[in-house]
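All values below come from the heavy atoms of this structure, side chains included, with hydrogens, waters and symmetry mates left out.
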Amino acid sequence: MEPTTFVLFGATGDLAKRKIYPALYLLFVDQKLPKSFSLIGLGRRELSDETFQANVEQSLSTFSKSEGRDPEVMRNFLRAFRYHVLDVNRKEDYTKLLQLVEQREDELNILPNRMFYLSVGPELFETIAANIHESGLGSANGWKRLVIEKPFGHDLPSARQLNIQLNQAFDETEIYRIDHYLGKPMVQQMGQRLHSALSEQDLGTRNIANIQITASETLGVEERAGYYDHAGAIRDMFQNHMLQLLMMLAIELPNRSSVVEVGNLKKKVMKTLKPLHKMDVSHHIVRGQYGEGEINGGKVAGYTAEPGIALDSLNDTFIAARLKVDDPFWKDIPIYIRTGKRLKEKLTRIVIEFKSESPLQDHLIVEIGPNDGISFQRSNSGKEGSDVDKPVQSKLSAIKAGIPEAYEILIHDALKGDKTYFAHWDEVELSWEWVQPILDAYRENLLPLHIYPAGTYGPNESDKLLEQDGFHWFDFKSASVNDANKGELYAYGHKT
């Protein structure tokens with residue numbers, strides 16, 4: 001791997017502490033960082049290099065999952081860290097930063113390969129990219145890469161404008177848009193594992209009745225009110241994470257092969273996704289907001305009673321959608337997506353339901369968190385002495401312990417220059433194009449906002465969305481997929 005200077009904007013922020021530093025440390029321990037590696041952390045507060053390094057070490061103690069850290073290894077890791085005060089709006093600060101970067105490159109005798117990681121609010125992306133370009137930070141005789149977090153814009157016009165601005169400083173090949181769902185091992189390995197599961201259970205010739213993709217959180221808005229009340233579930237989760245999961249599933253299942261040219265295949269999925277029209281959104285989308293309720297036996301406040309949220313806020317904390325992909329494989333298969341806060345369980349799951357004439361159907365279940373694995377739930381209906389209310393589930397595949405986490409994988413890929421599991425502009429734009437009619441309907445109040453009690457599976461209207469087609473949401477009563485091989489029984493079609 002080539003020598004690299006890692007320039008981290010937002011070095012004192014929460015994301016850096018929770019995700020970036022632990023990922024870099026594990027890469028260092030596994031000898032997956034460049035042998036010549038320098039990190040320059042940027043922030044507005046005055047800090048010495050020693051204080052910054054101590055803060056990074058404290059972050060690792062608090063958030064890293066690695067145990068028994070060797071003091072000598074830690075010292076060697078922190079030796080690469082420097083700190084620099086920078087106001088993102090002051091052009092002269094970038095000139096000073098360039099001098100520090102060049103000084104470190106000379107000290108280490110390394111090529112000017114520079115990765116700029118923007119762990120800051122999206123409103124700063126354009127300003128930082130422009131100043132990197134104008135200061136000469138990105139014009140050295142080496143490669144440059146820009147790593148940015150979601151959200152990429154807040155609607156279709158803003159996303160397009162942001163992309164135009166970034167392209168004035170960086171080529172598309174140099175822009176790495178992180179969607180951490182794409183870094184999850186189960187998402188990356190989904191095609192291969194699904195292929196094995198389908199073959200093992202002799203499901204290759206079975207017809208699919210529907211697909212369900214769920215990402216639910218038990219947490220509320222927490223300390224993110226300023227951001228979340230403008231983003232909502234549709235921008236925070238649906239437009240990026242949920243549609244990315246749909247793309248990854250749709251390119252894998254029909255082909256049943258490893259990923260080839262991921263970006264082009266995902267773009268093809270989005271192009272064949274049947275568009276919604278603003279006036280028809282209410283037939284395909286359910287919009288919700290959590291009210292007061294109970295989570296894990298404790299009472300919790302409703303969304304508009306949360307600190308920093310206006311009493312009259314109409315922001316969405318839940319969205320459910322019915323989609324159709326118009327290609328030969330998926331044409332007649334409805335796809336249902338839901339995501340929300342303050343729901344009954346924390347999980348990310350894809351369920352493939354197969355057609356059946358019996359009261360219960362067979363399901364292939366992909367768990368993407370917190371217990372990664374693939375399991376098959378076969379109906380006992382029709383078997384002598386069976387109880388149709390008690391399908392039995394068997395586990396087929398699981399992610400082994402010790403597998404790198406999403407940020408570790410994605411940062412390593414960015415350092416290598418591998419963009420396979422980053423969001424490409426074409427698919428981002430197509431995602432916003434599909435979501436824009438929903439945003440328009442929200443803005444014009446064409447879609448009711450349903451209040452659901454915290455600790456449930458969302459609004460009852462979400463259930464009705466599937467009932468119109470003769471289906472129900474797949475929800476576990478209590479046990480996790482990890483208990484499947486113990487003979488645990490599961491509930492199908494749980495109603496809120």
Cation-pi check, Lys144 onto Phe170 ring (under 6.0 Å, within 45° of axis): yes
Using distance alone, with no hydrogens and no angle criterion, decide if Thr420 and Asp418 have a side-chain donor and acceptor under 3.5 Å apart. yes
Checking side-chain polar atoms at under 3.5 Å, does Ser313 have a donor or acceptor matched by the opposite partner on Asp229? yes
Does Glu222 use its side chain to pair, donor to acceptor, with the backbone of Gly220 at less than 3.5 Å? yes
Any side-chain heavy atom of Met186 within less than 4.5 Å of one from Val366? yes
Candidate pair Glu92 and Arg90, rule salt bridge (charged side-chain N to carboxylate O under 4.0 Å, His left out), full reasoning: CA-CA 5 Å; Glu92 54 266 37; Arg90 287 170 54 91; 3.2 Å; yes
Verify the neighbour count for atom NZ of Lys346: are there more than 12 heavy atoms of other residues, nucleotides or ligands below 6.0 Å? no
Looking only at heavy atoms, the pair that brings Phe474 and Val351 closest together is CD2-CG2, 3.9 Å
Counting distance only, does the side-chain N/O of Thr339 pair as donor-acceptor with the main-chain N or O of Ala215 below 3.5 Å? yes
Do the side chain of Arg104 and the main chain of Ser38 share a donor and acceptor less than 3.5 angstrom apart? no
Before giving the answer on salt bridge (charged side-chain N to carboxylate O under 4.0 Å, His left out), spell out for Asp14 and Lys19 the whole-Å C-alpha distance, their side-chain angles and the decisive distance to 0.1 Å. CA-CA 8 Å; Asp14 196 56; Lys19 298 294 183 181; over 6 Å; no
Taking all heavy atoms of Thr272 and all of Val325, pick out the closest pair and write down the distance. OG1-CG1, 3.3 Å
Under a 3.5 Å distance rule, please check whether Ser158 uses its side chain to pair with a backbone N or O of Asp155 as donor and acceptor. yes
If I compare all heavy atoms of Ala301 with all of Ala305, which pair ends up nearest, and what's the gap? CB-CB, 4.0 Å
Using a distance-only test with no angle check, is there a side-chain donor-acceptor pair under 3.5 angstrom linking Arg193 and Gln189? yes
Do other residues, nucleotides or ligands put more than 12 heavy atoms under 6.0 Å from Glu223 CD? no
Taking Gln168 for the side chain and Ala130 for the main chain, is one N or O donor matched with an acceptor at less than 3.5 Å? no
Classify the side-chain pair Asn167/Asp171 by whether it contains a donor and acceptor separated by less than 3.5 Å. no
Side chain proximity check, Glu367 to Ile374, heavy atoms < 4.5 angstrom: no
Roughly how far, to the nearest 0.5 Å, is the CG atom of Leu108 from the CD atom of Gln103? 10.5 Å
Counting the benzene-type ring for Trp, do Trp432 and Phe152 have ring centres under 6.0 Å apart? no
Is it the case that atom CD in Glu123 sees more than 12 heavy atoms from other parts of the structure closer than 6.0 Å? yes
Short question: side chain of Asp93, backbone of Asp87 - any donor-acceptor pair under 3.5 Å? yes
What verdict does the salt bridge (charged side-chain N to carboxylate O under 4.0 Å, His left out) test give for Arg160 and Glu429, after you've listed the backbone C-alpha separation in whole Å, the side-chain angles of each residue and the deciding distance to 0.1 Å? CA-CA 7 Å; Arg160 284 174 170 164; Glu429 183 180 34; 2.7 Å; yes
Among side-chain atoms of Gln53 and Glu57, is any donor-acceptor pair under 3.5 angstrom? no
Within the 3.5 Å criterion, strictly below it, is a donor on Asn76 or Arg79 matched to an acceptor on the partner's side chain? yes
Row check, Tyr94 ring normal vs Lys91 NZ/CZ: under 6.0 Å, within 45°: no
No-hydrogen, no-angle side-chain donor-acceptor test under 3.5 Å, Thr51 and Ser48: yes
Mind checking whether Tyr25 and Phe77 have parallel, tilted or perpendicular rings, split at 30° and 60°? perpendicular
Give, for atom CG of Leu343 and atom CD of Glu217, the distance between the pair rounded to the nearest 0.5 Å. 8.0 Å
For Thr4 and Pro34, which heavy atoms make the closest approach, and how far apart are they? OG1-CG, 3.6 Å
I'd like to know if the side chain of Gln289 and the backbone of Asn315 have a donor-acceptor N/O pair within less than 3.5 Å. yes
In terms of side-chain heavy atoms, does Gln239 have a donor or acceptor partner in Trp434 at a distance below 3.5 Å? no
May I ask you to check whether over 12 heavy atoms, not counting those of Asp106, lie within 6.0 Å of atom CG? yes
Do we see a donor-acceptor contact under 3.5 Å between the side chains of Asp413 and Tyr421? no
Which of these passes side chain to side chain contact (heavy atoms under 4.5 Å, CB included) with Phe37: Ile110, Leu24, Leu27? Leu24
Is it true that Gln244 and Asn240 share a donor-acceptor pair across their side chains at a distance under 3.5 Å? no
Non-hydrogen side-chain atoms of Ile213 and Tyr336 separated by less than 4.5 Å: no
What class does the angle between the rings of His180 and Tyr407 fall in, given that below 30° is parallel, 30 to 60° is tilted and above 60° is perpendicular? parallel
Does NZ or CZ of Arg177 lie under 6.0 Å from the centre of the six-membered ring of Phe422, at an angle within 45° of the ring axis? no
Can you confirm whether His154 sits close enough to His230 that some side-chain heavy atom of one is under 4.5 Å from a side-chain heavy atom of the other? no
With rounding to the nearest 0.5 angstrom, report the CG to CD1 distance, Leu276 to Ile285. 5.5 Å
Distance to the ring centre below 6.0 angstrom and angle to the axis at most 45 degrees; does that hold for Lys419 and Tyr176? yes
Taking all heavy atoms of Asp316 and all of Ala231, pick out the closest pair and write down the distance. OD1-O, 4.5 Å
Kindly compute the distance separating CG (Leu246) from NZ (Lys266), expressed to the nearest 0.5 Å. 11.0 Å
Centre of Tyr228's six-membered ring, under 6.0 Å away, within 45 degrees of the axis: is that where NZ or CZ of Lys341 sits? yes
Does a side-chain heavy-atom distance below 4.5 Å link Phe116 with Thr5? no
Determine the interplanar angle of the Phe81 and Phe52 rings, folded into 0 to 90°, and report it as parallel if under 30°, tilted if 30 to 60°, perpendicular if over 60°. tilted
From the list Arg349, Arg338, Glu345, side-chain hydrogen bond (donor to acceptor under 3.5 Å, both in side chains) partner of Thr214 resolves to Arg338
Test log, rule salt bridge (charged side-chain N to carboxylate O under 4.0 Å, His left out), inputs Lys184 and Glu405: CA-CA 6 Å; Lys184 292 178 178 290; Glu405 293 189 343; over 6 Å; no
Does the pair Asp326/Lys274 count as a salt bridge with the N-to-O cut at 4.0 Å? no
Test item: Tyr83 and Thr12 side chains (from C-beta on) under 4.5 Å apart, heavy atoms: yes
Taking every heavy atom of Pro22 against every heavy atom of Ala16, the minimum-distance pair comes out as CD-O, 4.0 Å
Establish, for the pair Arg287 and Tyr442, whether the NZ or CZ atom is under 6.0 angstrom from the six-membered ring centre and no further than 45 degrees off its axis. yes
Surrounding CD of Gln31 (heavy atoms of other residues, nucleotides or ligands, distance under 6.0 Å), is the total greater than 12? no
Do other residues, nucleotides or ligands put more than 12 heavy atoms under 6.0 Å from the CG atom of Asn89? yes
Main chain of Trp143, side chain of Asn113: is a donor-acceptor contact present, judged purely on distance under 3.5 Å? yes
